Amino acid sequence: LSWCRPFSRLSSCGERPTRLLRWSEELLHALAPGAAAAGVRVDSLLVQVYAAGGSLLPHTDADLSWGLGVSLGAEAVFECLPRGDG
């Protein structure tokens, strides 16, 4: 599921997920007050589902600003700015 997917700006859902976008923005602003002060708005969503033991290979996102990862129903490890990278 995606809404205004980063980079392509394509969507797989038929209508804007307004409540989910608003909830994501409120969560981001609560966790990172600097984002709210800077006027950062959540304008895209991407849902990823992994099978048991699945993962996303380490990578670097380019040309993006703020990001918010939410794990539902399972434990997740998110590594940001690994040692020597910032």
Side-chain angles (χ1 to χ4, degrees):
L1 170 74
S2 64
W3 175 257
C4 290
R5 186 181 178 110
F7 305 113
S8 71
R9 307 314 282 174
L10 298 175
S11 301
S12 65
C13 52
E15 64 181 66
R16 181 182 178 85
T18 305
R19 290 176 57 199
L20 187 54
L21 286 164
R22 184 172 39 244
W23 174 79
S24 300
E25 190 169 295
E26 289 170 359
L27 183 58
L28 175 65
H29 290 171
L31 295 172
V40 173
R41 297 187 46 101
V42 173
D43 64 355
S44 67
L45 293 169
L46 175 63
V47 175
Q48 297 172 308
V49 179
Y50 300 99
S55 66
L56 178 64
L57 294 175
H59 67 283
T60 301
D61 288 331
D63 300 324
L64 298 174
S65 59
W66 291 82
L68 173 67
V70 178
S71 177
L72 303 174
E75 180 179 353
V77 176
F78 178 76
E79 185 175 326
C80 183
L81 297 176
R83 278 180 246 134
D85 213 20

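Because the structure is predicted, anything quoted here is derived from the model rather than measured.
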Taking side-chain contact (heavy atoms from CB on, under 4.5 Å) as the definition, give me every residue that meets it alongside Ser44, ordered by chain and number, with sequence neighbours left out.
Cys4, Pro6, Arg9
Can you pull out every salt bridge (charged side-chain N to carboxylate O under 4.0 Å, His left out) where at least one residue sits in residues 45-57? Sequence neighbours excluded, please.
none
Could you tell me which residues satisfy side-chain contact (heavy atoms from CB on, under 4.5 Å) with Gln48, sequence neighbours excluded, listed by chain and number?
Leu46, Tyr50, Leu56
Give me each pair satisfying salt bridge (charged side-chain N to carboxylate O under 4.0 Å, His left out) with a member in residues 30-41, each pair once, sequence neighbours excluded.
none
Return each pair, listed once, that meets side-chain hydrogen bond (donor to acceptor under 3.5 Å, both in side chains) where at least one residue sits in residues 17-30; pairs must be two or more places apart or across chains.
none
Just to verify, what does Leu31 make a side-chain contact (heavy atoms from CB on, under 4.5 Å) with, not counting sequence neighbours?
Leu27, Leu68
Can you name the closest pair of heavy atoms from Trp3 and Asp43 and give their distance?
CD1-O, 3.8 Å
